[in-house]
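What follows is a set of notes on a single structure, which appears directly below.
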Number of protein chains: 2
Amino acid sequence: MSVQRQTKQLQAIQTAFETAGRPLSIDEIHELAGRDIESLGVRTVYRAVRRLQENGDVSIVNVPGGSDRYELASVAAEHHHHFHCTACDRFFDIHGCPGGLKKLLPKGFKLEHHELTLSGLCESCA
Amino acid sequence: MSVQRQTKQLQAIQTAFETAGRPLSIDEIHELAGRDIESLGVRTVYRAVRRLQENGDVSIVNVPGGSDRYELASVAAEHHHHFHCTACDRFFDIHGCPGGLKKLLPKGFKLEHHELTLSGLCESCA
DNA sequence: TAACTAATGGCAATTAATTGCCATTAATGC
DNA sequence: GCATTAATGGCAATTAATTGCCATTAGTTA
Ligand SMILES: [Mn+2]
Ligand SMILES: [Mn+2]
Ligand SMILES: [Zn+2]
Ligand SMILES: [Zn+2]
């Protein structure tokens, strides 16, 4: 396999994830990293996110309704959930989990994962 | 406004919802109702579901990742959640709710709704 | 610095879900 | 049964997200 080059674009994208501290959509990454790299193309964001996923640095966050978000794998490693602000359409990490989900399960079903999305207004929109 | 006609197609679609007893995708509705109406077109399913939604008889269920599902509004009226079988890709109703979500909320955030999706294997796939 | 080629970015093309169009069918009321 | 027109269904067209293509740029190593 060939050597992966460390480009300004990839760096700006990684920095966007770190400074945002919340799950980002492709467009949000494009917008945030684009502040550093004025000519950043969306095509490059798609490729960078794919590569970061393949390298295990970024994980996908499937959300109900809207488009996918992505977050640092280091953040995803710790079980947590998300909050969706219906005003600004941003997602935020929610640390913790209500638990007690096994007892909700119908008989015969096998529980493997679960996903919880709270929604409402974030601090700056409330 | 004009009078809505009661067609075989619409009846078959309503029956599909009632006999399935779980949230259905457009394709599932097409498949299930198509057993009654052999020539049922997908175009008709889209229109019927839209009309049932507008009439308040059916509600949309946004699911993480996959395509939208629809369920009877009478079922949706009672707060509940869903289970997604990763083997057969079907969704099932989960009655009940873990609760205690307010305490997970960051300061300043306002909680309005929440959505929980369990996943794993349903009874027939387990 | 030069050579090599990974990476970029603009735009066309693809994919999947949904809708527009329209000739035909059939539910409704008289 | 007949007239009226809502509804159907096949297919083209649209929409939004993602990918293919490819000439150009720029990171890396010698
Ligand atoms: Mn997260
Ligand atoms: Mn349900
Ligand atoms: Zn907000
Ligand atoms: Zn199953």
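Proteins get letters first, then strands, A, B, ... in listed order; numbering begins at 1 in each.
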Atom [atom1] of [X] and atom [atom2] of [N]: how far apart are they, to the nearest Å?
| X | N | atom1 | atom2 | result |
| --- | --- | --- | --- | --- |
| A:H30 | D:dA17 | NE2 | C1' | 15 Å |
| B:Q11 | D:dA7 | CD | P | 13 Å |
| B:Y46 | D:dG9 | OH | C1' | 14 Å |
| B:L10 | C:dA27 | CG | C1' | 12 Å |
| A:D68 | D:dA17 | CG | P | 10 Å |
| A:E54 | C:dA7 | CD | P | 11 Å |
| A:L40 | D:dA26 | CG | C1' | 15 Å |
| A:R50 | C:dT8 | CZ | P | 14 Å |

*Salt bridge or not for B:E28 and B:R90, using N-O below 4.0 Å?*
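No, no charged N to carboxylate O under 4.0 Å.
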*Can you name the closest pair of heavy atoms from A:A126 and B:G108 and give their distance?*
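Heavy atoms of A:A126 and B:G108 come nearest at CB-O, 3.6 Å.
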_Below 4.0 Å: OP1/OP2 of C:dG9 and any side-chain N or O of A:Q9_ =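 For A:Q9, the contact criterion (side-chain N or O under 4.0 Å from OP1 or OP2 of C:dG9) is met.
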*What about A:R47, does its side chain sit under 3.5 Å from the base of D:dG20 through a donor-acceptor pair?*
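In this structure, the two groups form no donor-acceptor pair.
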*asked:* If you go through the side-chain atoms of A:R5, does one of them form a donor-acceptor pair with the base of C:dT5 closer than 3.5 Å?
replied: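 Checked by distance alone, the answer is yes.
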*Looking only at side-chain atoms of A:I26, point me to the closest of D:dG9, D:dA7, D:dT18.*
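It is D:dT18.
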*So what does B:T7 hit on the nucleic acid, given a heavy-atom distance under 4.0 Å: a base, only sugar-phosphate, or nothing?*
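The residue B:T7 makes sugar-phosphate contact but no base contact.
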_Residue pair B:H84, B:D89: steps toward the side-chain hydrogen bond (donor to acceptor under 3.5 Å, both in side chains) verdict_ = CA-CA 6 Å; B:H84 175 224; B:D89 199 33; 2.7 Å; yes
*5'-most contact on DNA chain C: A:R43 or A:Q4, nearest heavy atom basis?*
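The answer here is A:Q4.
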_If you take the centroid of each ring, where Trp contributes its six-membered ring, are A:H79 and A:H114 closer together than 6.0 Å?_
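Yes; A:H79 has its ring centre under 6.0 Å from that of A:H114.
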_Atom pair CG/SG of B:L104 and A:C97 - distance to nearest 0.5 Å_ =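 Going from CG on B:L104 over to SG on A:C97, the span is 7.5 Å.
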